[in-house]
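Notes for the one structure printed next.
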Amino acid sequence: MSKMFGLAPEEVEAITKDGAPSGPKDFLVWNPPHIDEKVPSLGRYSSLAEATGLMRFLMKKGVRVILFCKIRKVCELAMKTLRADLSSEGRFDILERTMPYRGGYSREDRRRIEQDAFNGRLLGVVATNALELGVDIGVLDAVIMLGFPVTIAGFVNENLFSLTMKADRPIQRQQAGRAGRRSRDSLAVLVADSYPIDQYYVAHPEDLFEKSNDDLIIDLESKPLLEAHLQCAAQEMPLSNEDEKYFGALFKEVAHKKKRML
């Protein structure tokens with residue numbers, strides 16, 4: 001950290017506890033049932049159908065819920081399924097309060113969806129990880145994760161949301177942390193896919209909470225990465241030669257190369 005930010009080691013202080021208010025949270029690992037319990041080789045019901053069915057059930061009870069999908073295509077398919085099922089049930093009152101949120105929308109559309117979610121107009125949001133961090137959408141009651149989110153870090157957030165387990169064990173969650181802020185009780189559901197990693201956590205759910213996060217590895221000598229950081233920094237304020245102490249020995253080389261290209 002001291003190298004990354006150009007600070008002396010004694011100037012870096014680790015903040016390891018989150019004092020933000022958060023109510024009790026129940027975690028549920030949901031494995032879709034077998035199509036035929038007597039013939040397991042036939043496989044299980046679709047995790048997407050289970051997740052959207054659970055989301056419809058919760059919304060009908062007035063529970064504000066967000067469904068996380070790993071990729072944009074699955075997000076669109078989940079919204080299409082919800083739209084078809086709610087329409088066939090005649091629940092257009094719920095459908096008009098359910099929206100997708102993903103990368104690719106215009107800035108105006110994203111801000112409108114965020115505002116509708118924040119002020120409570122939306123009852124359900126179907127989102128990719130574009131909504132994991134950095135956007136305050138107000139209070140949610142439940143989070144559904146469609147499939148294990150790639151890494152423990154996707155399920156376990158290294159720096160945000162401290163939640164309370166029944167065992168009074170403080171843990172931190174990223175997607176799961178979207179529900180239950182501001183001292184409200186909440187629910188987080190992981191709907192398992194058929195992939196081996198999902199089924200592993202079905203058999204060993206304790207690893208979701210006890211297993212350490214994956215190491216966050218950053219190549220501080222990467223020129224493309226440094227260039228991106230310099231562009232962001234220059235957007236905030238003009239850069240000078242004195243900034244080399246923050247950005248390292250490659251600072252001048254990358255900055256001058258970019259300047260020549262312009």
Side-chain angles (χ1 to χ4, degrees), residues 26-106 108-132 135 137-149 175-176 178-180 184-195 198-199 202:
D26 288 318
F27 285 86
L28 174 65
V29 179
W30 183 292
N31 204 20
H34 286 103
I35 296 173
D36 189 334
E37 295 292 341
K38 297 180 180 180
V39 190
S41 60
L42 292 177
R44 299 179 179 274
Y45 285 103
S46 162
S47 56
L48 187 145
E50 292 290 302
T52 54
L54 180 58
M55 185 175 183
R56 294 199 327 272
F57 173 82
L58 292 172
M59 290 192 296
K60 291 174 185 176
K61 300 292 185 179
V63 175
R64 293 188 61 200
V65 57
I66 184 169
L67 170 61
F68 275 115
C69 306
K70 287 183 283 189
I71 60 175
R72 173 176 171 175
K73 183 176 181 180
V74 175
C75 179
E76 294 172 346
L77 185 57
M79 189 63 211
K80 181 178 180 181
T81 301
L82 284 168
R83 188 176 293 112
D85 291 344
L86 289 171
S87 297
S88 66
E89 295 171 351
R91 296 307 305 265
F92 298 102
D93 56 321
I94 296 178
L95 180 56
E96 67 181 13
R97 298 180 63 191
T98 306
M99 291 287 292
Y101 184 106
R102 54 170 175 74
Y105 287 158
S106 69
E108 291 74 18
D109 286 340
R110 289 166 69 105
R111 298 295 88 83
R112 176 177 54 81
I113 295 171
E114 292 163 12
Q115 184 60 37
D116 286 345
F118 185 84
N119 63 26
R121 196 192 75 81
L122 291 184
L123 191 59
V125 179
V126 180
T128 61
N129 59 7
L131 199 52
E132 279 184 10
V135 179
I137 56 171
V139 177
L140 295 171
D141 302 306
V143 168
I144 302 173
M145 290 162 278
L146 178 49
F148 179 70
Q175 291 185 356
R178 274 297 176 180
R184 293 167 61 103
D185 294 358
S186 57
L187 172 69
V189 184
L190 170 61
V191 179
D193 275 326
S194 59
Y195 300 120
D198 292 66
Q199 294 304 310
V202 169

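The distance from atom CG of Asp85 to atom NZ of Lys80, rounded to the nearest 0.5 Å, is 12.0 Å. Here CD1 of Ile66 is found 12.0 Å from CG of Asp141. Values are rounded to the nearest 0.5 Å. In this structure, Leu48 CG and Leu82 CG are separated by 8.0 Å, a value rounded to the nearest 0.5 Å. Remark: Met59 CE to Thr52 OG1 distance equals 9.0 Å, nearest 0.5 Å. Interatomic distance, CG of Asp193 versus CG of Asn31, reported as 10.0 Å (0.5 Å rounding). Atom CG of Leu95 is separated from atom CE of Met79 by 5.5 Å, given to the nearest 0.5 angstrom.
Closest of all the heavy-atom pairs between Ala142 and Val63 is CB-CG1, 4.0 Å. Contact record, Val125 with Tyr101: CG1-CB, 4.0 Å, taken as the closest heavy-atom pair. Minimum interatomic distance between Val189 and Trp30 (heavy atoms only, all atoms of both residues): CG1-CB, 3.8 Å. Between Ala78 and Leu67, the shortest heavy-atom distance links the atoms CB-CD2, 4.0 Å. Scanning all heavy atoms of the two residues, the minimum distance from Ser47 to Pro32 falls at CA-CG, 3.9 Å. Considering all non-hydrogen atoms of both residues, Val74 and Cys69 come closest at CG1-CB, 3.9 Å.
Between the side chain of Ser87 and the main chain of Ala84, no donor-acceptor pair closer than 3.5 Å is present. No side-chain donor-acceptor contact under 3.5 Å links Asp26 to the backbone of Leu187.
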**Request:** Could you check Glu89 against Ile94 for side-chain contact (heavy atoms from CB on, under 4.5 Å), going step by step and ending with a plain yes or no?
**Result:** CA-CA 10 Å; Glu89 295 171 351; Ile94 296 178; over 6 Å; no
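Checking each of Arg121, Arg97, Met99 against Asp116 for a side-chain contact (heavy atoms from CB on, under 4.5 Å) leaves exactly one that passes, namely Arg121.
The salt bridge (charged side-chain N to carboxylate O under 4.0 Å, His left out) analysis of residues 29-55, with sequence neighbours excluded, yields no pairs.
Atom NZ of Lys60 has more than 12 heavy atoms from other residues, nucleotides or ligands within 6.0 Å.
The pair Arg72-Glu76 meets the salt-bridge criterion, since a charged nitrogen lies less than 4.0 angstrom from a carboxylate oxygen.
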